[in-house]
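Written out below as structure tokens is the structure these notes cover.
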Amino acid sequence: MIEITSPVRVRFAPSPTGYLHIGGVRTALFNWLFARHYGGQFILRIEDTDEKRFIPGAADDIITSLRWVGLDWDEGPDVGGPYGPYVQSQRFDSGIYTTYSDQLLEAGQAYLSFTTEEELAAMRAEAEARGVKAFRFRGPERDWPLAQQRELAATGKPYTIRLKTPLEGQTSFTDLVRGAERITVQNDQLQDIVLIKTSGMPVYHFAHLVDDHLMRITHVLRADEWVPSTPYHVLLYQAFGWEPPVFAHLPVILRQDGKGKLSKRKDDVATNRFWERGYLPEALFNYLALQGWSYDDKTELMSRAELIERFSIDRVQASPARWNPEKLRDMNGIYIRRLPVAEVAERILPFLAGAGLVGDPPSAAERAYVAALTPMIHERLEELGQAPELLEFFFREPRPGPEGYDPATLVPRKLDAPQTAAMLRAVHDALAALEPWEPAALEATLRDLCERLALKPGQLFGAVRVAVSGRTVAPPLFDMLVALGRERVLARLTAAIAALEAG
RNA sequence: GGCCCCAUCGUCUAGCGGCCUAGGACGCCACCCUCUCAAGGUGGAGAUCGCGGGUUCGAAUCCCGCUGGGGUCACCA
């Protein structure tokens, strides 16, 4: 069985090349749960060694997103820590990567490579043309004495530093997710990867490893897509003579159709899109914990504390999970329903403000009104962002006619327009003087009216619903009438009657 | 294509040799509740455990092969 020796130190190391997508959050979450479960440390590190794809502001966005889902870190760019800095470009400035690449050079584990990208591309193309199955690049300089490499470099010829991978033998490592089984690769399948670019910047394979070592990372929990490059990392640890961390490769999250992994471009999975649409961080947190991990055969709803207590790496699935927005949505609905109504009312406010239904910030009167409306839609919400749509008619007049609702929807089954108009007139008259204006009284009055007119409640209630809300689907009628107030109700009934008589 | 990983209802999963005529959840379909829609309740359809060989008294569970899916092959992470 898998034994985890504490204290553990894990990290999440995103690259600021864009917004954080949901798969990244899942990886961060698993690392966080792992650290919290074992009472270890969770570290955030920004890997910004890709000058070409760097996007200003992305790092802040990532941090905001992680905080939003409820993660916190013991060390990181914004909180500091004993092994800082926690931003790779800053670490680069201090020269640490050069120090370590020199060490490798001296040890003959790496070499200066003068082959340019273009030359390499040409070699690959040529090899392919010749029908070579797998082109493995090994630079000629790997056999040169270091002095000779340095001599050429001194002439100003640009170079990269490449790892000198062994030509024979095999490299293997264990993976916790696969039950600590070994994954083995033949060394002749590898090639001499770039460690330091021509610009002098380290590449991920090199930088992350030096940092992980210096930051005393004990376990590397990262997405499955890193498996193929792990042998290089193992080789690198060996070259340095360092103890490698324990690896655990988490299953990738596949797209809904199962065709490939989630893509920022094709899928709506930016983390900030979830708060924009009204997902509760606790719901997303819970759902994401279940993407590739499970507790038992029936428990799905778990609090943060329960998740921390129950999380274990050996219950992480090895096969890919598929993104299931429907399930997330359902779970979000459950979490919304569990919230106190007053809380929902507060959380809905920004969405209503965004739709222009209330002021931004909302006035005290608006807040009170929203608080009164919320019970009507509380259990109907699966996303907080649905609130404006559901509540719109409380703030704006529904108009029968071309720019509003179709007056035909006012007419119930088995009745025609004139009959409906007459019925609504009767309703109008009955409500005009009704006291008190309360749900029970309203219901009693309208039910009584149904009986007198020999109509089914469904017929009458349905017409009133449309007249008052402009739609056939709405919250319970009597609560709605009360919240709308007598004046607006009577006015809307009058407008509906007019529309029926005109049409 | 090379290499690596994976394989239970449409989807997420439980299952780690007998408890499985395979359990739960989402979705779907009925019915109940009911003024519409939800929520809630009850029930249902849905997986010969990818296929074929073994091992074993006994396999979804172990082994091998095949097939399928995914990942990866950058001076990106």
Side-chain angles (χ1 to χ4, degrees), chain A residues 13-17 47-53 113 115-117 120-121 124 128 131-136 158-162 175 177-179 183-186 189-191 193-199 201-205 207-208 222-231 249 251-252 254 256 258-261 287 290-301 314-315 317-331 333-334 337 377-382 390 443 446-447 450 456-466 469 471-478 480:
Chain A
S15 171
T17 53
E47 311 231 322
D48 56 348
T49 54
D50 184 350
E51 313 100 306
K52 293 190 189 113
R53 294 198 308 161
S113 171
T115 305
T116 65
E117 273 186 278
L120 188 50
R124 262 193 250 281
E128 198 179 326
V132 174
K133 277 178 276 175
F135 176 74
R136 314 276 181 228
Y159 62 88
T160 59
I161 298 178
R162 288 180 184 272
D175 188 301
V177 172
R178 275 148 269 266
I183 293 175
T184 302
V185 173
Q186 300 303 317
Q189 296 298 324
L190 305 175
Q191 49 185 338
I193 55 162
V194 168
L195 265 21
I196 304 288
K197 308 179 208 177
T198 304
S199 65
M201 269 292 209
V203 145
Y204 170 85
H205 300 298
H208 95 276
R222 73 216 321 184
D224 219 356
E225 65 217 35
W226 292 104
V227 171
S229 51
T230 305
H249 290 95
V252 291
L254 262 26
Q256 244 187 116
K259 300 233 176 288
K261 51 179 188 173
Y287 173 77
L290 262 15
Q291 286 281 293
W293 176 82
S294 64
Y295 176 59
D296 61 11
D297 60 339
K298 45 182 71 76
T299 315
E300 291 196 327
L301 296 172
D314 49 67
R315 291 195 65 88
Q317 198 81 4
S319 54
R322 205 181 286 206
W323 180 240
N324 186 352
E326 309 244 289
K327 176 114 179 174
L328 203 211
R329 203 179 151 83
D330 175 71
M331 194 170 270
I334 293 171
R337 270 173 257 131
I377 60 163
H378 188 180
E379 66 188 17
R380 274 159 254 260
L381 285 174
E382 281 191 308
L390 291 174
E443 179 161 9
L446 293 186
R447 283 197 187 278
C450 288
K456 291 211 164 106
Q459 294 176 297
L460 187 136
F461 294 172
V464 176
R465 165 174 296 106
V466 174
S469 70
R471 47 184 81 175
T472 54
V473 173
L477 186 61
F478 310 109
M480 225 161 71

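Throughout, protein chains are lettered first and strands after them, A, B, ... in sequence-line order, and every chain is numbered starting at 1.
Residues satisfying the salt bridge (charged side-chain N to carboxylate O under 4.0 Å, His left out) criterion with R178(A), sequence neighbours excluded, are D175(A), D224(A). Remark: R465(A) engages no residue in a side-chain hydrogen bond (donor to acceptor under 3.5 Å, both in side chains) (not counting sequence neighbours). Residues passing the side-chain hydrogen bond (donor to acceptor under 3.5 Å, both in side chains) test with Q459(A), sequence neighbours excluded: none. Applying the side-chain contact (heavy atoms from CB on, under 4.5 Å) rule to P228(A) yields no partners; only residues at least two apart in sequence or on another chain are considered. In terms of the side-chain hydrogen bond (donor to acceptor under 3.5 Å, both in side chains) criterion, N324(A) has no residue partners (sequence neighbours excluded). Partners of Q189(A) according to the side-chain hydrogen bond (donor to acceptor under 3.5 Å, both in side chains) rule, which considers only residues two or more places apart in sequence or in another chain, are R136(A). The side-chain contact (heavy atoms from CB on, under 4.5 Å) test applied to S294(A) returns R315(A), not counting sequence neighbours. For E225(A), the salt bridge (charged side-chain N to carboxylate O under 4.0 Å, His left out) partners two or more places apart in sequence, or in a different chain, are K261(A). Qualifying salt bridge (charged side-chain N to carboxylate O under 4.0 Å, His left out) partners for R124(A), counting only residues two or more places apart in sequence or in other chains: none.
For G43(B), the paired nucleotide is C29(B), the pair qualifying as Watson-Crick or G-U wobble because both relevant distances are below 3.5 Å. Base pairing annotation: C3(B) forms a Watson-Crick or G-U wobble pair with G71(B), both donor-acceptor distances under 3.5 Å. The pairing partner recorded for G18(B) is C57(B), the criterion being a Watson-Crick or G-U wobble arrangement whose two distances lie under 3.5 angstrom.
Residue contacts for P231(A): at a heavy-atom cut-off of 4.0 Å it reaches no nucleic acid atom on any strand shown.
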Mind listing the N/O atom pairs, protein and nucleotides 73-77 of chain B, below 3.5 Å?
from	atom 1	to	atom 2	distance (Å)
C75(B)	O2	T198(A)	N	2.8
C75(B)	O2	T198(A)	OG1	2.8
C75(B)	N3	T198(A)	OG1	2.4
C75(B)	N4	T115(A)	O	3.4
C75(B)	N4	E117(A)	N	3.3
C76(B)	OP2	K197(A)	NZ	3.2
C76(B)	O2'	D50(A)	OD2	2.2
C76(B)	O2'	R53(A)	NE	3.4
C76(B)	O2'	R53(A)	NH2	3.1
C76(B)	O2	R53(A)	NH1	3.4
C76(B)	O2	R53(A)	NH2	2.9
A77(B)	OP1	T49(A)	OG1	2.9
A77(B)	OP1	K197(A)	NZ	3.3
A77(B)	OP2	Y204(A)	N	3.1
A77(B)	O3'	E47(A)	OE1	3.4

Extract from the structure each pairing of a protein N or O with an N or O of nucleotides 5-9 of chain B at less than 3.5 Å, listing the distance.
from	atom 1	to	atom 2	distance (Å)
C5(B)	O2'	R178(A)	NH1	2.8

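Nucleotides G24(B) and C9(B), compared at atom P, are 16 Å apart to the nearest Å.
Remark on RNA chain B: of its neighbouring residues T472(A) and R337(A), the 5'-side contact belongs to T472(A), judged by nearest-heavy-atom nucleotide.
A donor-acceptor contact shorter than 3.5 Å links the side chain of K197(A) to the backbone of T49(A).
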How does each nucleotide of nucleotides 26-34 of chain B score, in 5' to 3' order, for protein heavy atoms under 4.0 Å: base (B), sugar-phosphate only (S), or none (-)? SS-------
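Counting non-hydrogen atoms of other residues, nucleotides and ligands closer than 6.0 Å to OH of Y159(A) gives a total of 12 or fewer.
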